[in-house]
Amino acid sequence: MARTLAHERYHLPELRDGLPCPRTRVEEDLFEDRACAFEQDRWDSHPLNPANANK
């Protein structure tokens with residue numbers, strides 16, 4: 001759930017700032033790639049990530 005929230009939260013400012021929803025597969029891939037990179041970055045440092053249990 002933490003990953004999904006981070007991913008979807010990434011899209012909010014884009015849409016608020018007027019970035020249109022993707023209309024083509026290429027646009028969708030770029031739109032989602034940015035959110036996935038943000039999601040992964042957040043997850044890598046998130047306390048609920050089991051990999052961070054001993055940090």
Side-chain angles (χ1 to χ4, degrees):
M1 181 66 121
R3 291 183 73 140
T4 301
L5 289 172
H7 178 103
E8 297 307 328
R9 184 171 172 244
Y10 182 83
H11 289 305
L12 290 175
E14 292 183 312
L15 298 172
R16 281 190 194 131
D17 290 344
L19 184 70
C21 290
R23 297 187 187 272
T24 67
R25 184 66 183 167
V26 171
E27 289 174 353
E28 182 180 353
D29 288 346
L30 293 170
F31 188 75
E32 290 302 319
D33 286 351
R34 290 189 304 269
C36 287
F38 178 78
E39 169 194 332
Q40 187 63 52
D41 185 58
R42 295 284 301 197
W43 184 241
D44 286 345
S45 62
H46 199 282
L48 294 177
N49 181 344
N52 295 329
N54 295 324
K55 289 184 178 180

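Since the structure is predicted, the reported quantities are computational estimates derived from the model, not experimental observations.
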Spacing of [X] atom [atom1] and [Y] atom [atom2] [to the nearest 0.5 Å]:
X     : Y     : atom1 : atom2 : result
Thr4  : Arg9  : OG1   : CZ    : 14.0 Å
Gln40 : His7  : CD    : NE2   : 12.0 Å
Arg3  : Leu48 : CZ    : CG    : 12.0 Å
Asp44 : Asn52 : CG    : CG    : 7.5 Å

May I ask you to say whether Arg42 pairs ionically with Glu39, meaning some side-chain N is under 4.0 Å from a carboxylate O?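 The answer is no: the pair does not qualify as a salt bridge.
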
Leu5: partners by side-chain contact (heavy atoms from CB on, under 4.5 Å), with sequence neighbours left out: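 With sequence neighbours excluded, Leu5 shows a side-chain contact (heavy atoms from CB on, under 4.5 Å) to Met1, given in chain and number order.
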
Can you list everything that forms a salt bridge (Lys or Arg N to Asp or Glu O under 4.0 Å) with Asp41? Sequence neighbours excluded, please.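 Partners of Asp41 under the salt bridge (Lys or Arg N to Asp or Glu O under 4.0 Å) test: none.
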
Just say parallel, tilted or perpendicular for the rings of Phe38 and Tyr10, cut-offs at 30° and 60°.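 It falls in the tilted class, 30° to 60°.
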
Ignoring hydrogens and geometry, is there a side-chain-to-backbone donor-acceptor pair from Glu27 to Arg23 under 3.5 Å?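 Answer holds: yes.
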
Do side-chain atoms of Asn49 reach the backbone of Ala51 as a donor and acceptor pair under 3.5 angstrom?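 At least one qualifying donor-acceptor pair exists.
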
